[in-house]
Amino acid sequence: MSDQPQSGRRKALKFLAGAPLLPLGAMSTASLLSACGGSSAVAAAPAAPVANFVSADFTAMAAPTLTNAAAMATTTVASSLNVTFSDNSTQTYKLAYQPFFLTGDMVPNGNGGTVLAGGYYDINNKPIIDATVAGKERQYFSDSPDGTSLLSLPNPTVTGIKGKAVFAVVQFEYTTWAQDGKTDMYGKLPSPIAVLTLDQDQTTGKLSLVKYHNVDTSKANGLWITCGSSLSPWDTHLSSEEYEPDAFTISSNAMFAAYSTNLFGDATKANPYHYGHLPEVTVNPDGTGSIKKHYCLGRISHELIQVFPDNRTALMGDDATNGGLFIFVADKEKDLSSGSLYVAKIGAGFSLDTAAAGASLSWIKLGSATSAEIEALANKLKPTDIMDVANTDPKDATYTKIYISGKIQWVRVKAGMEKAAAFLETHRYAALMGGSMALTKLEGTTVNAKDKIAYSALQNMQSSMVRGNAAWNEAFGVTLEKALNAGGILAHTLAGGQKDTSGAAINSEWVPTVTKTLLIGEDIAADALGNTANPEKIGAPDNLKFSEKLRTLFIGEDSSYHVNNFLWAYNVDTKKLTRVASMPAGAEATGLSVVDNLNGWTYITSNFQHAGDWGSIHNIVKPTLDPLVRANYKDRFASAVGYLTADVSSVKLAK
């Protein structure tokens, strides 16, 4: 690249300043400008843009195959981001993946020492030890990092920062196996959650880990299976507790007993009503964090919550069979500690046809409460204090037949226990009240604020959604003639002026009123690699995040139907679906978040879970990939926490 005159160089700086930049990697803007006869110090100086951002478009990557087995055994990114400006100029970024760490790494604790990334701790913040291999005792660490939030604070106080301090909150859902490779550990350990302090290079946008802080969760009674997450509009991390333990069968729940033992040292001490709620993490300027658990958003299979721009209304994922569509309307802005809970009743018109008008939504109010009063009830009530539950027809008209977790039950609420039932036995109470408890694996949620549309991922469309299934009820308003294992994404139109089914006003301008299908996958006969869902379409969508600036819906998969799970970008204006990244074979794509502008840079975070978690679809690839995955990820015990970055492949500096 030849030297350019100084006037041309200044023009180039202004051109670059108008872009929503992904962080540059090995070849930074500064190094390119230095090659043009200037210093990196001058390149970092701010300049007013002369060309504004107009649009962005992703160039797709092909799905990796065994012709490049190494690409199937790691996080592979071979896509590009193309940015167009108001003067019709363009800039292209070749994307790449950069991990902050692998779980099981020793990382800096900010005090000159190190700490185990993804490590597990009991209620007294003591390490939980894996002793399943004699003589090789070690602290448990997670192979399943999940929800991640990236944020900044106005006055950070962390030392050792050369650029600017930014923070990430990362939660760890579970670990799959003990080190003996035989002891299943799913749900048996209290989920850790950590605050990362990252040093943001102001020339390249690169993020480097300088501090890892394990958040003390003891005041929240520990955390249970933390899955997806979101960043609140007020910059807190909204976590989740998935698959709430059934209080009525807890005495026979061996997994919950193991959880209680690992957390408290006592198999009977953990209270099921303390789990299945919404934890919220606040990051402190010194890179530490504090946590509180909100008990008033319903005790459901919290997968991911999205708070809308009013700072009060939240749509929630419910990762269950016979799950429902729930919203919560807080009493005050930026405060989830009190409010009202609603469940949807789905009207006629639900269809997988993306051209169909969709189905209307009406809302049943389940109750209003504060977190404090529901926590107090959780502390003292037993399930039989709240409800009577029968698994066979009691032939008693005071009971109501419901569908829950793929089964039929008959329930009745004890006198005066409606509020306790609404917030501690939410699935049963919502079914009793007439909610459409028809959905399966309702996972990620996100919002397109400009168009007032929210999105929900259905990982699978099966069982309770399919005519004739034991969990299906035609009255729920959702009927498919056959299952769609590859799943799909729903789009919900949002509006104000709504009333609940009792005629009372819903105090929100962001209530879902119509739901329709946006995207679906396609089930296929097994292909040459073993895929049983079309690899050119989404398969079992899970994580969802929307970028307002890029007008793009990002989709992460949790599929037993794709040999490699993918990260997709769907432009809601052009309707173009683009494969952006591929996870290691057997791994789920997790930790998805998008920040349009963080000190001038744009970031997409992405993690993965349980690399090499082989299923029947991997029979063809496993012999080749298993040794590669083991070599990459600590014998399959580790996973990565990181983000998508970019190397500049070609930049035209002079117009």
Side-chain angles (χ1 to χ4, degrees), residues 147-156 165-171 193 195 215 217 219-220 223 226 228-241 277-298 300 302-317 326-342 363 365 367-375 423 444-450 452 454 494-496 498 505-512 544-548 593-599:
T148 299
S149 296
L150 197 63
L151 60 112
S152 62
L153 296 176
N155 297 297
V166 300
F167 303 96
V169 184
V170 181
Q171 57 197 44
I193 194 162
V195 175
V215 176
T217 65
K219 291 183 179 179
L223 302 181
T226 53
S229 71
S230 66
L231 181 66
S232 75
W234 52 95
D235 282 341
T236 59
H237 175 87
L238 301 179
S239 181
S240 58
E241 291 187 311
H277 302 287
L278 181 84
E280 180 177 16
V281 176
T282 299
V283 177
N284 301 319
D286 64 353
T288 62
S290 60
I291 192 167
K292 56 186 173 184
K293 195 177 287 188
H294 298 295
Y295 286 76
C296 55
L297 283 86
I300 60 175
H302 282 286
E303 165 74 20
L304 196 153
I305 184 174
Q306 176 65 56
V307 178
F308 296 148
D310 64 350
N311 293 319
R312 295 176 54 249
T313 308
L315 177 67
M316 295 177 278
F326 293 89
I327 61 169
F328 176 79
V329 181
D331 293 332
K332 300 177 183 178
E333 288 190 26
K334 303 181 181 181
D335 183 356
L336 299 178
S337 65
S338 67
S340 299
L341 180 65
Y342 301 83
W363 293 93
K365 184 176 181 179
S368 299
T370 68
S371 178
E373 65 180 316
I374 302 305
E375 183 178 9
F423 292 94
T445 61
T446 191
V447 65
N448 169 353
K450 178 183 177 182
K452 291 196 80 168
L494 306 171
Q498 303 302 302
I506 301 176
N507 187 19
S508 171
E509 295 299 309
W510 296 83
V511 177
L544 294 183
K545 286 293 185 294
F546 186 76
S547 167
E548 295 285 344
S593 72
V594 182
V595 181
D596 285 338
N597 188 341
L598 188 56
N599 300 325

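Arg312 contributes a side-chain N or O that, together with a main-chain N or O of Ala330, makes up a donor-acceptor pair within less than 3.5 Å. Judged by distance alone, the side chain of Gln498 and the main-chain N or O of Gly496 form a donor-acceptor pair under 3.5 Å. Not a single donor-acceptor pair under 3.5 Å links the side chain of Asn284 to the backbone N or O of Asp286.
Across all their heavy atoms, His294 and Ser371 have their closest contact at CA-OG, 3.5 Å. Ser239 and Leu278 make their closest contact through O-CD1, 3.0 Å (heavy atoms, listed as atom of the first residue, atom of the second, distance). Contact record, Val511 with Ile327: CG1-CD1, 4.2 Å, taken as the closest heavy-atom pair. Residues His302 and Leu297 come closest through the heavy atom pair CE1-O, 3.7 Å. The heavy-atom pair separating Val169 from Val283 by the smallest distance is CG2-CG2, 3.5 Å. Nearest heavy atoms, Glu280 versus Trp234: OE2-NE1, 2.9 Å.
To the nearest 0.5 angstrom, Asp235 atom CG is 10.5 Å from Thr282 atom OG1. Atom CZ of Phe423 is separated from atom OG1 of Thr370 by 9.0 Å, given to the nearest 0.5 angstrom. One finds the OG atom of Ser593 at 8.0 Å from the CG atom of Leu231 (value rounded to the nearest 0.5 Å). For the atom pair CG (Leu494) and CZ (Phe308), the distance works out to 5.0 Å, reported to the nearest 0.5 Å. Annotation: the span from Leu336 atom CG to Tyr295 atom OH amounts to 15.0 Å, rounded to 0.5 Å. To the nearest 0.5 Å, atoms NZ (Lys450) and CZ (Phe546) are separated by 9.0 Å.
The shortest side-chain heavy-atom distance between Val281 and Thr236 does not fall under the 4.5 Å cut-off. Put simply, the side chain of Val170 does not reach to within 4.5 Å of the side chain of Ile193, judged on heavy atoms.
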Exercise for the section: Show your reasoning for whether side chain to side chain contact (heavy atoms under 4.5 Å, CB included) applies to Leu304 and Lys545. Expected result: CA-CA 11 Å; Leu304 196 153; Lys545 286 293 185 294; 3.6 Å; yes
Exercise for the section: Please step through side chain to side chain contact (heavy atoms under 4.5 Å, CB included) for the pair Leu150 and Phe167, ending with a clear verdict. Expected result: CA-CA 6 Å; Leu150 197 63; Phe167 303 96; over 6 Å; no
Handout entry: Test log, rule side chain to side chain contact (heavy atoms under 4.5 Å, CB included), inputs Thr445 and Met316
Key = CA-CA 7 Å; Thr445 61; Met316 295 177 278; over 6 Å; no
Practice task
Check step by step if side chain to side chain contact (heavy atoms under 4.5 Å, CB included) holds for Leu223 and Glu241.
Solution key: CA-CA 7 Å; Leu223 302 181; Glu241 291 187 311; 4.1 Å; yes
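Donor-acceptor pairing under 3.5 Å is lacking for the side chains of Ser508 and Trp510. Under 3.5 Å, the side chains of Ser340 and Ser368 contain a donor-acceptor pair of N or O atoms. For the residue pair Ser230 / Gln306, no side-chain donor-acceptor distance below 3.5 Å is found, with atom types taken as modelled. With no hydrogens or angles considered, a side-chain donor-acceptor pair links His237 and Ser149 at under 3.5 Å. Side-chain contact annotation: Ser240 with Glu303, donor-acceptor N/O pair under 3.5 Å absent.
Qualifying salt bridge (charged side-chain N to carboxylate O under 4.0 Å, His left out) partners for Glu509, counting only residues two or more places apart in sequence or in other chains: none.
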